[in-house]
Colleague: 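Below is a structure I'd like to ask you about.
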Amino acid sequence: MHLKVGELARSTGLTVRTLHHYDEIGLLKPSGRSESGYRLYGEDDVARLHAIQALRHLGLPLAEIGPLLDGSEAAPQRVIEQQMHALDHQIRQATELRERLALMHGMLLKGGSPSMDDWVRTLSMMTTFGRYFEARELKQILGAYGGIEHEWMQLQAEVRRYMDTGGGIDTLECQVLTRRWTMLMVRWMGGDYALMERWGAMYRQESDVRGQGGAPPTDMMEFMESAIKLRIQLMQEHCGDVEFRLPPMPDTEALAIEAEGQALLRAGEPRDGAKARALRKRWAALLDKTAGGNAALRAKLATLHLGHPLLMAGLPLGREVREFLSPVEESA
């Protein structure tokens, strides 16, 4: 049984013009002609057309479909894999766009009824953010900001008051503020140093984000970056050749050890007593955890109180308890 071009078009939902085009480019040539010269399509032709339609639905261009069906191109499974990868890429792009639109929508609505200026400013900021972060990263950063916003603004006010006194970066007061600043950034970015570095790079290079949405003024940012560099320099001098990039020591655990250590000191407990040994064991475990199993780094962290005095600024575990919990040499 053969179908005329109009019959085939109606049965497949295609247009006659499309079938004529397939014939002209050699993709689907009718296997027969009527006495009047009309195109006639047999069962094999219909099967080939179904294959063409299936591959078109996968997104393959017509130029690739012919060689594939004729067996002169890659195997069908390889083509399907390529299309799956292409679709995955399109899905990721669409998901990224949707997440960015949702973030922008939330930023616009946060201030009530947004004006055109709000729209343009938000669009500009999102464009800037997009050069440094994926949508999922922005969602994480902006979502976490609410949890640190109050503390962040309060800390900026304290830094401003200190700066107004003319104090330098090499004082105990400044380095206490520096550690609080660093720890707050670590909390905000979920401990992801790469995010922190990109956020800093964006702030330094993109003028339109400075002073926006709680961002510190330029002079404050430059001041704190100098203070952080000083602390890193002091840490490098203390550690020597030992690489010290590490997650910050959890304040809650260190504060608990500090409180219990102070209690033991007030009670006059001996350094080699059972209570001191138990607390020393907890301190050793915290050092191991922070150093990530690096014995050389662990030793440097354990002796931090013997280094430059500014290294202890703002640390939850003070010099007195650290000395109390330092290893006790056993007598012969």
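Positions are given from 1, in the same order as the sequence printed here.
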Colleague: Looking at K300 and D241, is there a salt bridge between them, counting it only when a charged N and a carboxylate O are closer than 4.0 Å?
Modeller: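 Salt bridge between D241 and K300, a charged N being under 4.0 Å from a carboxylate O: no.
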
Colleague: Report the distance from atom CZ of R198 to atom CD1 of I141, rounding to the nearest 0.5 Å.
Modeller: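 Rounded to the nearest 0.5 Å, the CZ-CD1 separation comes to 7.5 Å.
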
Colleague: What is the minimum heavy-atom distance between C174 and A227, and which atoms define it?
Modeller: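 For C174 versus A227, the nearest heavy atoms are SG-CB, 4.0 Å.
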
Colleague: Any salt bridge linking D272 with R280? Criterion: basic side-chain nitrogen under 4.0 Å from a carboxylate oxygen.
Modeller: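 Answer for the salt bridge query: no.
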
Colleague: Taking all non-hydrogen atoms of both residues into account, name the closest pair between L234 and L311 and its distance.
Modeller: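 In this case the closest contact between L234 and L311 is CB-CD2, 3.7 Å.
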
Colleague: With L40, which of R33, H2, E7 fulfils side-chain contact (heavy atoms from CB on, under 4.5 Å)?
Modeller: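 Option passing the side-chain contact (heavy atoms from CB on, under 4.5 Å) with L40: H2.
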
Colleague: Is a side-chain donor or acceptor of R271 paired with a backbone partner of S326 at a separation under 3.5 angstrom?
Modeller: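 Here the side-chain-to-backbone pair exists.
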
Colleague: Heavy atoms, side chains only, cut-off 4.5 Å: are L19 and L49 in contact?
Modeller: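 Contact flag for L19/L49 side chains = yes.
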
Colleague: Hey, could you give me the CG/OH distance between L138 and Y132, rounded to the nearest 0.5 Å?
Modeller: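 Here the rounded value is 12.5 Å.
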
Colleague: How far does OG1 of T182 sit from CZ of R187, to the nearest 0.5 angstrom?
Modeller: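 Going from the OG1 atom of T182 to the CZ atom of R187 covers 13.0 Å.
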
Colleague: If you look at every heavy atom in L317 and M312, which pair is closest and at what distance?
Modeller: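 Nearest heavy atoms, L317 then M312: O-CE, 3.4 Å.
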
Colleague: Do W188 and L195 come within less than 4.5 Å of each other through their side chains, counting heavy atoms only?
Modeller: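 Side-chain contact under 4.5 Å: no.
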
Colleague: So do the side chains of K229 and I232 get within less than 4.5 Å of each other, counting heavy atoms only?
Modeller: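 Contact flag for K229/I232 side chains = no.
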
Colleague: side-chain contact (heavy atoms from CB on, under 4.5 Å) between V321 and E260: does it pass, once the steps are laid out?
Modeller: CA-CA 9 Å; V321 173; E260 293 183 39; over 6 Å; no

Colleague: Are E320 and Q262 close enough, and set up right, to give a side-chain contact (heavy atoms from CB on, under 4.5 Å), and what steps lead you there?
Modeller: CA-CA 8 Å; E320 190 177 20; Q262 288 292 346; 3.5 Å; yes

Colleague: For residues L310 and R231, determine if any side-chain heavy atom of one lies less than 4.5 Å from a side-chain heavy atom of the other.
Modeller: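 With C-beta onward as the side chain, the pair stays apart.
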
Colleague: Strictly distance-based, threshold 3.5 Å: is any side-chain N or O of E137 a donor or acceptor partner for the main-chain N or O of E134?
Modeller: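 Pair found, side chain donor or acceptor close to backbone of E134.
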
Colleague: Short question: side chain of R298, backbone of L287 - any donor-acceptor pair under 3.5 Å?
Modeller: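 Looks like no, no N/O pair under 3.5 Å.
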
Colleague: Which pair of heavy atoms, one from G314 and one from V176, lies closest together, and at what distance?
Modeller: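 In this case the closest contact between G314 and V176 is N-CG2, 3.6 Å.
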
Colleague: What's the spacing between I257 CD1 and L286 CG if we round to 0.5 Å?
Modeller: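 Between atom CD1 of I257 and atom CG of L286 there are 5.0 Å.
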
Colleague: Quick one: do Q175 and L230 satisfy side-chain contact (heavy atoms from CB on, under 4.5 Å)? Show the steps, please.
Modeller: CA-CA 9 Å; Q175 285 302 315; L230 173 60; 3.9 Å; yes

Colleague: If you define the side chain from C-beta out and look only at heavy atoms, does anything of L8 sit under 4.5 Å from D45?
Modeller: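 No, side chains not in contact.
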
Colleague: If you compare all heavy atoms of A9 against all heavy atoms of T15, which two are closest, and at what distance to 0.1 Å?
Modeller: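 Closest pair (atom of A9, atom of T15, distance): CB-C, 4.0 Å.
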
Colleague: What pair of heavy atoms forms the shortest contact from R48 to L69, and how long is it?
Modeller: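 Here R48 and L69 meet closest at NH1-CB, 3.7 Å.
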
Colleague: Is the closest side-chain heavy-atom distance between M185 and W152 below 4.5 Å?
Modeller: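 The answer is yes, as the side chains (C-beta and beyond) meet within the 4.5 Å cut-off.
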
Colleague: Got more than 12 heavy atoms from elsewhere within 6.0 Å of CG, D44?
Modeller: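 No.
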
Colleague: Taking the side chain as everything from C-beta on, heavy atoms only, tell me whether R322 gets closer than 4.5 Å to L306.
Modeller: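 Answer no - side chains too far apart.
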
Colleague: Quick check: does any side chain N or O of E258 sit under 3.5 Å from a backbone N or O of G318, one acting as donor and the other as acceptor?
Modeller: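 Yes; judged by distance alone, with no hydrogens or angles, the pair exists.
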
Colleague: Output the distance between atom OG1 (T303) and atom CD (E323), rounded to the nearest 0.5 Å.
Modeller: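 Output value for this atom pair is 12.0 Å.
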
Colleague: How long is the gap from CZ on F324 to CG on L264, to the nearest 0.5 Å?
Modeller: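 Between atom CZ of F324 and atom CG of L264 there are 5.0 Å.
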
Colleague: Before accepting this row, confirm whether a basic side-chain N of the pair D251/R179 lies closer than 4.0 Å to the acidic partner's carboxylate O.
Modeller: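 Here D251 pairs with R179 in a salt bridge, since their nearest N and O are under 4.0 Å apart.
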
Colleague: Without swapping roles, check the side chain of Y162 against the backbone of G168 for a donor-acceptor pair under 3.5 Å.
Modeller: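 Yes, because the side chain of Y162 sits within donor-acceptor range (under 3.5 Å) of the backbone of G168.
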
Colleague: Could you tell me if the side chain of P30 sits less than 4.5 Å from the side chain of Y38, heavy atoms only?
Modeller: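 Y38 does not reach P30 side chain to side chain.
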
Colleague: Evaluate side-chain contact (heavy atoms from CB on, under 4.5 Å) for Q156 paired with M220, printing each intermediate quantity in order.
Modeller: CA-CA 8 Å; Q156 286 190 46; M220 183 182 296; 3.9 Å; yes

Colleague: I'd like a table of donor-acceptor pairs (distance under 3.5 Å, sequence neighbours excluded) in which one partner is a side-chain atom from residues 20-27, with atom names and distances.
Modeller:
unit_1 : atom_1 : unit_2 : atom_2 : d
H20    : NE2    : R39    : NH1    : 3.0
D23    : OD1    : K29    : NZ     : 3.2
D23    : OD2    : R39    : NE     : 2.7
D23    : OD2    : R39    : NH2    : 3.3

Colleague: Can you confirm whether E43 is buried at CD, in the sense that more than 12 heavy atoms of other residues, nucleotides or ligands lie under 6.0 Å from that atom?
Modeller: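 Count not over threshold, so no.
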
Colleague: Tell me whether the centres of the aromatic rings in F133 and W199 are closer together than 6.0 Å.
Modeller: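 Distance test on ring centres: under 6.0 Å, yes.
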
